[in-house]
Amino acid sequence: MTCAVLVFGLWPVAAQAQAGLLPAKDDVAGNRAQPEFDPMGIRLGPWLAKASMRIDNGYDDNLFGTATEKEGDGFVIVSPSLSVESDWARHGLDFSAKGGLTRYYSHPRQRSDEYVLRAGGRLELGSTTIVAANASTSLNSERNGANGAPLSTGKPSQYHDTSYQIAVSEDLSPVRLGIALSHGRTRYNDLVNSNGRRITQAFRDSNRWALQGSAIYAPTDVAALGVTAQVQRTDSHISDRAGTSFSIAGSGAIDLGMIRIEGELGYLQRIYTRSALRDFNGPSYSGTASWYPTSLLAFSVSARRTLENSGNPGVGVIVSQNYRAEASYELLRNFVIQAEVSEKRQNFREIGTRSAIHAQEVKGEYLFNRSVAIGAYARHECRDSTDPSRVRSFCTILTGASLTFRR
């Protein structure tokens, strides 16, 4: 397993029904603003810079994600980050850079480096129109054997991703309209299997163009309705994977104080240009229900159905269903404990294989002051498969502790 996938923040996150449907809650456990502990940043004239450095030391008991003959190893991860944003009365610019350098004590070939570079801007035209643009590039890692990919004994599975987006939004209160055009490109590095042979992952490469439109009706800060439609064209070096996707969905959200519910239900279609791969037509959904019984305690459950890029050349997309339950408890203003239970069901339709990933995680963080924090985490994960020869089964335990410096 690539541990930076966990501590560098690259684990898949359960999506909200629709970002921005309601204002974010910043007065609940796990997401509370802490003015006395939040870093103040460095003022550079009209700019505000924030920097951090996180150091993790831990142990992974199943580095290669195998069912038998497990190999474990300790790891160190160094994760620096820097962000700079403007503090102007109108308009805005922001830049950020994050990195993750993972090193193992006894398996140097499993080292990996990740990074994310991003720049964005916002132009306010009058009092109701905003034009926003952003660009990003990143190098990311996947867990060994993720999404049906073969085991890598060299560097973990990695891919480069570059994306650009320009969006226009119009606030006609209580209605908000938006349209966005985006382009992205993904390139996968080759793998090295257990026999030392290089395995190309070029069939997973893609160039994407997407156009999305949305409308939100939010008469108050506690209730909103929305609709979103998107069309995406994907081209690939391997023509079998080229195709067009279309989705349309309706969403709603309501905040009752102690309870917040957000949900989205829609239709998703994926059609391949010319391929033996199976087209997909079916419902899509996502939703989150949160309960805040006290100001120091928060619970949430979420579900999502989506499509994922397959690491098996005989499978186009993986139909994935994700379920998650979380709890956050603030023992002190500067001490938060979080627990999570999740399940991910994957359907590799073309090869008639299904898998289920079950995970449990506990983590905590203690803030000494604005500049220093310590944390600890433990995660247990198992994957079951109806055909382990095609999609591997495994169990793993990952534990670690972190030290973070912030400015």
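The residues of the chain are indexed from 1 along the displayed sequence.
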- Message: Once salt bridge (charged side-chain N to carboxylate O under 4.0 Å, His left out) is applied, do any residues pair with R122, and if so which ones, sequence neighbours excluded?
- Response: E124
- Message: Check this for me, if you would: do D161 and R208 make a salt bridge, where the nitrogen-to-carboxylate-oxygen distance has to be below 4.0 angstrom?
- Response: yes
- Query: Relative to each other, are the rings of Y366 and F335 parallel, tilted or perpendicular (30° and 60° limits)?
  - Reply: perpendicular
- Test: D113 and R111 ion pair at under 4.0 Å: no
- Query: Hey, is R176 close enough to E170 for a salt bridge, meaning N to O under 4.0 Å?
  - Reply: no
- Message: What verdict does the ring pair (Phe, Tyr, Trp, His ring centres under 6.0 Å) test give for H107 and F75, after you've listed the backbone C-alpha separation in whole Å, the side-chain angles of each residue and the deciding distance to 0.1 Å?
- Response: CA-CA 9 Å; H107 295 79; F75 61 84; over 10 Å; no
- F394 vs N62 side-chain heavy atoms within contact, under 4.5 Å: yes
- Message: Whether the E114 and S112 side chains hold a donor-acceptor pair (N or O, under 3.5 Å, no angle test) is what I'd like checked.
- Response: yes
- Item | Residues which pass salt bridge (charged side-chain N to carboxylate O under 4.0 Å, His left out) with R118, listed by chain and number, not counting sequence neighbours | D94
- S245 backbone acceptor or donor facing R233 side chain under 3.5 Å: no
- Message: Is it true that D205 and Y159 share a donor-acceptor pair across their side chains at a distance under 3.5 Å?
- Response: no
- Task: Grab the two heavy atoms, one from K70 and one from C395, that are nearest each other, plus how far apart they are.
- Result: NZ-O, 3.4 Å
- Item | Sole residue of L268, T306, L307 in side chain to side chain contact (heavy atoms under 4.5 Å, CB included) with S284 | L268
- Is there a donor-acceptor contact under 3.5 Å linking the side chains of D387 and S385? no
- Exam field: side chain S136 to backbone L117, donor-acceptor pair closer than 3.5 Å: no
- Charged N to carboxylate O under 4.0 angstrom, R379 versus D60? no
- Query: Between T353 and T386, do the side chains contain an N or O donor and an N or O acceptor separated by less than 3.5 Å?
  - Reply: no
- Just by distance, do the side chain of N134 and the backbone of A119 share a donor-acceptor pair under 3.5 Å? no
- Evaluate the side-chain proximity of E350 to V315: yes if any heavy-atom separation is below 4.5 Å, no if none is. yes
- Between D279 and R349, what is the shortest heavy-atom contact and its length? O-NH1, 3.1 Å
- Item | Pairing residues for R270 by the salt bridge (charged side-chain N to carboxylate O under 4.0 Å, His left out) criterion, not counting sequence neighbours | none
- Item | D255/R260 salt bridge by N-O under 4.0 Å criterion | yes
- Query: Taking 4.0 angstrom as the limit, do E308 and K344 come out as a salt bridge?
  - Reply: yes
- With side-chain contact (heavy atoms from CB on, under 4.5 Å) as the test, would you mind laying out the steps for L21 and I216 before giving the verdict? CA-CA 7 Å; L21 207 59; I216 298 174; 3.8 Å; yes
- Short side-chain donor-acceptor distance under 3.5 Å, Q346 and S320: no
- Any chance the side chains of N312 and S310 put a donor and an acceptor closer than 3.5 Å? no
- Between S52 and S81, a side-chain donor and acceptor under 3.5 Å: yes
